[in-house]
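Predicted, not measured: the structure shown is a model, and the values here were computed from it.
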Amino acid sequence: MNFLLSIAFVLCWSSGFIGAKLGAGSAAAVTILMWRFLPLAAVLVAVAAVSTTAWRGLTMRDLARQAVIGVLSQSGYLLTVYYAIQLGVSSGTTALIDGVQPLVAGALAGPLLRQYVSRRQWLGLCLGVSGVAVVTMADATAGTGVAWWAYLIPFLGMCSLVAATFFESRSRARVAPVVSMTVHCATSAVVFTALALSAGAARPPAELAFWSAITWLVALSTFGGYGLYWLILRRSGVTKVNTLMFLMAPVTAVWGALMFGEPFGPQTALGLAVGLAAVAIVHRGDTSSTRMCARDMETDGASRRTARHSA
């Protein structure tokens with residue numbers, strides 16, 4: 001099951017970069033993002049109004065935490081990705097720059113979450129970064145004419161997603177996926193609508209390509225990629241879910257080459273092979289961090305039960 005979820009996650013998450021490229025030719029980034037989230041948020045809020053079971057027991061603090069996570073993981077992350085693609089950075093390279101996320105997450109998982117990374121997993125993480133570097137060099141030498149600073153923008157988005165990941169992982173309150181999805185999308189709808197209105201870019205174009213891109217992004221990227229990200233995070237932990245990010249760049253590069261004719265040569269193929277090897281090594285790493293995390297959760301649960309009985 002985890003293997004199938006991983007495959008679905010990689011494909012759906014990669015589809016977001018392709019969807020951004022599909023919409024980039026017909027509208028500004030904030031316009032695409034506004035109309036990606038505004039109708040979706042309206043539907044999710046309407047569903048939440050008639051189905052309140054998952055919302056029971058949640059405090060305003062829990063909802064505020066989810067709103068912050070939504071700002072970091074959707075608003076901050078997606079805005080940088082879309083803006084970079086709009087500036088001319090290829091979809092594969094944008095995914096590639098996000099590929100350093102596993103190393104950042106792996107370095108922080110120990111001190112922040114007590115999910116310590118084994119030596120074999122560190123080997124896989126470093127190997128994954130090598131694959132990312134190979135694909136980056138291939139794109140940088142393709143002569144696209146993109147300004148050098150444009151490549152820094154996806155890096156900011158990667159940092160935003162890492163922050164959201166750790167913020168969620170440190171939360172003791174377990175929030176149902178339907179709740180987190182609703183709060184995150186509603187928050188993003190507010191943020192992107194405000195940005196689009198302030199920029200005078202709220203009116204959607206009547207082009208079929210624009211609405212096709214919106215449908216693509218909602219179905220594959222939001223429900224598929226974004227939903228599976230949090231599901232796998234809860235099932236497998238920070239290190240493993242973020243290691244799958246190593247596959248986003250080469251998979252997106254293949255997809256971009258097929259759909260948009262973006263460069264895909266021997267170096268990109270080599271990067272794909274290295275990324276696959278990195279994922280295999282990390283997922284075969286010892287499970288000591290998972291066992292430690294489980295023991296910590298059991299200890300925390302026992303402490304909370306003791307506290308409740310003592311009250």
Side-chain angles (χ1 to χ4, degrees), residues 13-34 36 71-105 107-108 125-126 128-166 188 191-192 194-201 213 217 221 225 242 245-253 255-257 259-265 267-268 271 275:
W13 192 278
S14 299
S15 73
F17 300 99
I18 302 302
K21 185 81 171 183
L22 286 171
S26 57
V30 289
T31 308
I32 299 171
L33 289 167
M34 171 185 170
R36 170 179 173 176
V71 169
L72 292 170
S73 62
Q74 281 191 347
S75 304
Y77 175 73
L78 292 175
L79 186 59
T80 57
V81 167
Y82 281 56
Y83 185 48
I85 290 177
Q86 194 173 59
L87 289 174
V89 180
S90 71
S91 56
T93 302
T94 305
L96 174 73
I97 295 171
D98 287 336
V100 300
Q101 178 182 340
L103 192 60
V104 176
L108 296 176
L125 291 171
C126 292
V129 172
S130 299
V132 167
V134 169
V135 183
T136 303
M137 290 297 295
D139 189 78
T141 57
T144 57
V146 179
W148 66 268
W149 53 267
Y151 292 92
L152 299 178
I153 295 175
F155 179 79
L156 297 176
M158 178 274 297
C159 292
S160 183
L161 184 58
V162 169
T165 301
F166 282 99
S188 294
V191 171
F192 292 130
L195 290 174
L197 288 173
S198 64
L217 290 166
S221 306
N242 281 285
M245 290 294 183
F246 284 135
L247 296 179
M248 302 305 174
V251 169
T252 305
W255 211 334
M259 289 190 66
F260 308 116
E262 294 179 348
F264 184 87
Q267 283 181 272
T268 305

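In this structure, Ala150 and Val89 approach most closely via the heavy-atom pair CB-CG2, 3.8 Å. Between Ser221 and Gly16, the closest heavy-atom pair is OG-CA, 3.0 Å. Considering every non-hydrogen atom in both Leu33 and Leu78, the closest pair reads CD2-CB, 3.9 Å. Thr31 and Ala201 get closest at one heavy-atom pair: OG1-O, 2.5 Å. Considering every non-hydrogen atom in both Ala29 and Gln86, the closest pair reads N-NE2, 3.1 Å. Between Ser14 and Val251 the shortest heavy-atom distance is OG-CG1, 3.7 Å.
With rounding to the nearest 0.5 Å, the separation of CZ in Phe155 from OG1 in Thr94 is 14.5 Å.
You'll find the side chain of Phe260 reaches within 4.5 Å of the side chain of Ile18, heavy atoms only. Here the side chains of Pro154 and Thr80 are not in contact, with every heavy-atom distance at 4.5 Å or above.
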Does the side chain to side chain contact (heavy atoms under 4.5 Å, CB included) test come out yes or no for Trp255 and Lys21, once each step is laid out? CA-CA 11 Å; Trp255 211 334; Lys21 185 81 171 183; over 6 Å; no
Taking it one step at a time, do Leu156 and Leu152 satisfy side chain to side chain contact (heavy atoms under 4.5 Å, CB included)? CA-CA 7 Å; Leu156 297 176; Leu152 299 178; 5.8 Å; no
Stepwise, does the side chain to side chain contact (heavy atoms under 4.5 Å, CB included) test hold for Phe192 with Leu79? CA-CA 9 Å; Phe192 292 130; Leu79 186 59; 4.1 Å; yes
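Classified by interplanar angle (parallel below 30°, tilted 30° to 60°, perpendicular above 60°), the ring pair Phe17/Tyr77 is perpendicular.
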